[in-house]
Each structure stands twice: as C-alpha cells, then as structure tokens.
Amino acid sequence: MDWESILLKCGENVHRQIIPLLKGASQKGPNLGVGAGGDPIKHVDLVAEKAIIDTLISHNVSFTLISEESGIRQYGENPKQNYVTVDPIDGTTNLTRGIPFYATSIAVSSKPTLNSVHAALVTDLLRKITYTAEKGKGAHRNGEKIFPSDETSLEEAVIGLDLNTYKVREIAPKITDLISRTKHIRHLGANALELCYVADGTTDAFIDIRGKLRVTDTAAAWLIIKEAGGKITRPDGEELSSKLDPKERVNFVASGNMKLHKIILELIKA
Ligand code: IPD
Ligand code: CA
C-alpha cells in the first residue's frame, strides 16, 4: 500500500474541507459533545475527521480508526490490517480563535501500539506545510528531506514547553532549572506541529511532562522526529511506548540531538 500518497490525499482533503470554514464568521461555535479523548468537540473537528475517513474509504483501505473525536471504529473487511491514529485538528482552540497554528495528525501502524507506527503525516493546515515519514525512509517537509538542529547551547536554543495544565504547581518545580538557563521558551498551542518543528530544526527541543497530552496527538510526530534523526524519550530517558488509544496520555522530551537531550533530561530531574 502506498501510504505516503494516501496520507497526502487525506491531508489535502482535510485542507479542502476546512479552509472554506475559516472565511467569515468565527469558528468558536457551540460544543458538540465530548470527544473520545475527553475534550469538547467543535464542528471543525468533525469535518476534519470525516475528510480523513472518507479519503481512506475511497482508497479501499480496511482500518481501525483510533481518533480523539469518534474513538475506536472499524472500517472495511479486515480492519485489524491497519490502525490509523488521528488527531483531526491539533490546535482546535487556535483555529477557533484565529490563531494561525493548527494541524492534522495521522499515524498508521500494524498494531495498536506507538512503536509499530510506520507511516505518518502532520499538515500545517493554514500554511499548507506537510511533514511526512515512513519507517526507514527518513522524514520530509513538502517532499524535502529534513534534519533536526545540532544546537547544544541552552543560551541559543529555542525550546518548546507545554505548561498548559491546572497541575502546574506539581510540574513547575521539575522544569524551573531548565527555564532559568534557557533564553528562548515557547508554547504555540498545537503539539503535533511543535514536535515537527523539532524534527526540521525550526526549534531545538519540545517538552511535555504534564501527563495530559493524548497519544493521538503524538503518534505521527513521534515517527517524524525519529525518522528525521531527532530524539524523543520519556522524561527519565527510557523509550517512549504507549498503547494507541484515545484515552492514553504520554510524557516526553524531544530534542534535535543527543547532547542537548541529555542536558535537558539532567535539568528536569525526572
Ligand atoms: C491540544 C494542543 C495543545 C495542548 C493540548 C492539546 P487539541 O490539542 O496540542 O497545544 O496544550 O493539551 O489538547 O486538543 O487541539 O487536539
Ligand atoms: Ca484535536
């Protein structure tokens, strides 16, 4: 199966369906219930999810969908052949407020586990920048091979850090040393895309140790970082592993290179 071209078609279809909705009225709209991942569902989330499902069906793919919105659903005659883990819109709040940073994230695996993901796509829906990866074939941005940064100085590094949690008092002590030695800290509000920024060297690291980020938001970017040559591990340095399920949460540190990764792990004292 040519997963890269199928995923590109999924991304294009989401883009085609979403862009007209961005014109005119605000997308804040009502909440349409609660998604399988536990967050309120917005109209755009459902439109994006449908665009992905329709595209897969039109390519005669049998698959088990693992989605932040609809949860786990089976399609086709042999749904256990492929597992497709999606966050239809990563950065829904950004999108509905008009903050220009949101993406679609799709990961394909042979089993419902993170380490069996073999094809991935994350598309920045507004700028139409598409990150793809296939196991053993590297990672690409709009078709061009990408590599992470070799920056090792905290003084120079740009480090993404998600502190978007009510439990900030628990998390803050772990990252105080790192923040006090880092000049450029960012959080842009769509973690799948922020991980791709580490993969292509736009930023140098991204840290999410809140215990809150769903694996549906992480699965595609996990492969993209690894294939680009970056590092992504648990905060204690062990391999990141997870069941693929809309309710699973992950903690991780992702860095452009091993030297910076070790410096960060040391400072966050997991
Ligand atoms: C959200 C974004 C955000 C992160 C939240 C996620 P969503 O994804 O990745 O940056 O702070 O925890 O839920 O909900 O827009 O798919
Ligand atoms: Ca989402």
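Owing to the predicted nature of the structure, the values given are computational and were not obtained by experimental measurement. Order of appearance sets the numbers: ligands from 1, and atoms from 1 within every ligand. Throughout, residue positions are numbered sequentially from 1 according to the sequence presented.
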Inset, instruction - Run the numbers for me: atoms of ligand 1, each under 4.0 Å from some heavy atom of H187, listed by number. - result: 10 (O), 11 (O)

Legend entry - Min N/O separation A190 to ligand 1 under 3.5 Å: yes

Inset, instruction - Would you sort out whether K42 and D45 count as a salt bridge (Lys or Arg N to Asp or Glu O under 4.0 Å), showing the intermediate values? - result: CA-CA 5 Å; K42 295 285 186 186; D45 295 319; over 6 Å; no

Legend entry - G189, any N or O under 3.5 Å of ligand 1 N or O: yes

Legend entry - For T182, the option from I159, D177, V158 that meets side chain to side chain contact (heavy atoms under 4.5 Å, CB included): I159

Inset, instruction - Check whether any N or O atom of R210, backbone or side chain, sits under 3.5 Å from an N or O atom of ligand 1, and answer yes or no. - result: yes

Inset, instruction - Go through ligand 1 atom by atom and flag the ones less than 4.0 Å from a non-hydrogen atom of E68. - result: 14 (O), 16 (O)

Legend entry - Residues N251 and D208: side-chain donor-acceptor under 3.5 angstrom: no

Inset, instruction - Using the six-membered ring wherever Trp is involved, compare the ring planes of Y131 and Y197 and label them parallel, tilted or perpendicular (cut-offs 30° and 60°). - result: tilted

Inset, instruction - Determine whether R249 and V215 make a side-chain contact, defined as any pair of heavy atoms from C-beta on separated by less than 4.5 Å. - result: no

Inset, instruction - State if I89 counts as touching ligand 1 under the rule of any non-hydrogen atom under 4.0 Å. - result: yes

Legend entry - Electrostatic pair R210-D162, nearest N-O below 4.0 angstrom: yes

Legend entry - Sidechain N-carboxylate O distance under 4.0 Å for D245, K247: no

Inset, instruction - Round to 10° and report the angle made at the Ca ion (ligand 2) by OE2 of E68 and OD1 of D87. - result: 100°

Legend entry - Residues D150 and K259 bridged, charged N to O under 4.0 Å: no

Legend entry - Whether N94 side chain and F101 backbone form a donor-acceptor pair below 3.5 Å: yes

Inset, instruction - Just need the protein heavy atom nearest to atom 10 (O) of ligand 1, so name the residue and atom and give the distance. - result: N191 OD1, 2.6 Å

Inset, instruction - Could you find the nearest protein heavy atom to atom 14 (O) of ligand 1 and give me its residue, atom name and distance? - result: R214 NH2, 3.1 Å

Legend entry - Nearest-neighbour protein heavy atom for atom 4 (C) of ligand 1, which is reported as residue plus atom name and distance: D162 OD2, 3.3 Å

Inset, instruction - Specify the protein heavy atom at minimum distance from atom 15 (O) of ligand 1: its residue, its atom name, and the distance to 0.1 Å. - result: G91 N, 2.7 Å

Inset, instruction - Return yes when at least one N/O/S atom of I89 is nearer than 3.0 Å to the Ca ion (ligand 2), and no when none is. - result: yes

Inset, instruction - For ligand 1, note which part of D217 has a heavy atom under 4.0 Å away: side chain, backbone, both or neither. - result: side chain

Legend entry - Heteroatom distance test (T93, ligand 1): nitrogen or oxygen, under 3.5 angstrom: no

Inset, instruction - State whether the side chain of N13 and the backbone N or O of I52 hold a donor-acceptor pair below 3.5 Å, judged by distance alone. - result: no

Legend entry - Student check: side-chain heavy atoms of V198 and D204 closer than 4.5 Å: no

Legend entry - For atom 1 (C) of ligand 1, closest protein heavy-atom neighbour: D90 OD1, 3.8 Å

Inset, instruction - Look at atom 16 (O) of ligand 1 and say which protein heavy atom is nearest, naming residue and atom and giving the distance to 0.1 Å. - result: D87 OD2, 2.9 Å

Inset, instruction - Could you list which atoms of ligand 1 come closer than 4.0 Å to a heavy atom of D39? - result: 13 (O), 14 (O)

